[in-house]
Amino acid sequence: MGDVLAGFHAAWEFESDSVLIRYERGIRTPKLFQALGERRVPLEAIEGVTLTPGRRGTVVLRVQPRAGADPLIEAAAGQLKESGDPYRLVLPAERETLAEYYADELTALLTGSGRTERYLVAPPEAPLHFKAYDGKASFDGKAVSFRWSWTGASSAKWKAGDQSFPVAGLGGVEWRSPETFEGYLRLLPRDADAVAGTAAPAAPAAPPVPQADQDPAAVVFGLGYGPVHESLPFAAAVLAAVRERGAVAPVPVPVPAPRRDPADIAERIRHLGELHQQGLVTDEEFSSKKAELLAEL
């Protein structure tokens, strides 16, 4: 095909084996689209195509990705708003005939259906990071790190200390949209028995999962924290790395946390000093926490 169909916020280029979606940059373009930039969707990742009436004199061309084909959609788990769906192309109603032509042409090329065995759409590339309410999350492609905020993190998280989770030890990611009540990103541990390929012995029921604000394997969102365009691509990248690692990955052996960057320690002490000057931290708390930070050098 090789043609380009431009709509609001995006343009689709139809190629022989894929659809290349390029998202616009602008104040009216959803931030998630801007963060994604462009995405190549192989035809084998598409299950169907629809063309429906839109709002205010528009039509909507949409491709339906196969289950398991896109880590972004897998991580979102149905929580994306319609306006934030990266597989929708909104066009003026007068272009309906042209859109219908492309929908028919694309449908004729589709051959796949059902859940895929691997991700077919490339995930967002690491390194990625975002600021949550109770800390900062970062992912370098090999491990996820949580660095707790002095003002936002619970005492349970401060007692546990900053966390680092190698991909080899993870079994998945749970993302609850920041646009809903009590949004969070939680890392799920890998089942050691599943990794080894052995049957798990009978065991008592697992303890209940702690609330996200008390769980050192989770960061919580809030107004202005962990926005969709930052936290969802992050979750998708981690999920893709976990699946790529596969069920044969060895269970990681815990290793000592690396020594901190002195500049990072200095920044945290500076922030702590500001809280102390504002009367939000007592003399005793300031001295104790400062000593802890210096000990990490």
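Side-chain atoms are counted along with the backbone in the values below, which use heavy atoms only and exclude waters and symmetry mates.
No donor-acceptor pair closer than 3.5 Å links the side chain of Ser18 to the backbone N or O of Glu15. Here the side chain of Asp104 pairs no donor or acceptor atom with the backbone of Thr107 at under 3.5 angstrom. Arg190 contributes no side-chain N or O that, together with a main-chain N or O of Gly171, makes up a donor-acceptor pair within less than 3.5 Å. Judged purely by atom type and a 3.5 angstrom limit, Trp148 has no side-chain atom pairing as donor or acceptor with the backbone of Asp134. Side-chain N or O atoms of Glu230 include none that pairs as donor or acceptor with a backbone N or O of Phe130 at under 3.5 Å. A donor-acceptor distance shorter than 3.5 angstrom exists from the side chain of Arg95 to the backbone of Ala6, with no hydrogens or angles considered.
Heavy atoms of other residues, nucleotides or ligands lying less than 6.0 angstrom from CD of Glu125 number 12 at most. Within a 6.0 Å sphere centred on OH of Tyr119, heavy atoms belonging to other residues, nucleotides or ligands number more than 12. Counting non-hydrogen atoms of other residues, nucleotides and ligands closer than 6.0 Å to CD of Gln211 gives a total of 12 or fewer.
Taking all atoms of both residues into account, the shortest heavy-atom contact from Gly141 to Val167 is O-CG2, 4.1 Å. Closest approach of Gln34 to Arg25, counting heavy atoms only: O-NH1, 3.3 Å. Trp158 and Trp150 get closest at one heavy-atom pair: CZ2-CA, 3.1 Å. Between Asp213 and Lys157, the shortest heavy-atom distance links the atoms O-CE, 3.4 Å. In this structure, Ala76 and Leu232 approach most closely via the heavy-atom pair N-CD1, 3.7 Å. Taking both residues in full, the closest heavy atoms of Leu89 and Ala10 are given as CD1-O, 3.4 Å, listed atom of the first, atom of the second, then distance.
Ion pairing of Glu182 with Arg176 is absent here, as no side-chain N (NZ or NE/NH1/NH2) approaches a carboxylate O to less than 4.0 Å. Between Glu74 and Arg115 there is a salt bridge, since at least one side-chain N of the basic residue sits less than 4.0 Å from a carboxylate O of the acidic one.
Inter-residue side-chain proximity for His129 and Lys136 is flagged as unmet; no heavy-atom pair is nearer than 4.5 Å.
In the model, Asp215 has no side-chain atom that pairs as donor or acceptor with a side-chain atom of Tyr184 under 3.5 Å.
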Next item on the list: Would you please test Thr116 and Arg66 for side-chain hydrogen bond (donor to acceptor under 3.5 Å, both in side chains) and show each step?
Entry: CA-CA 7 Å; Thr116 63; Arg66 294 170 60 187; 5.8 Å; no
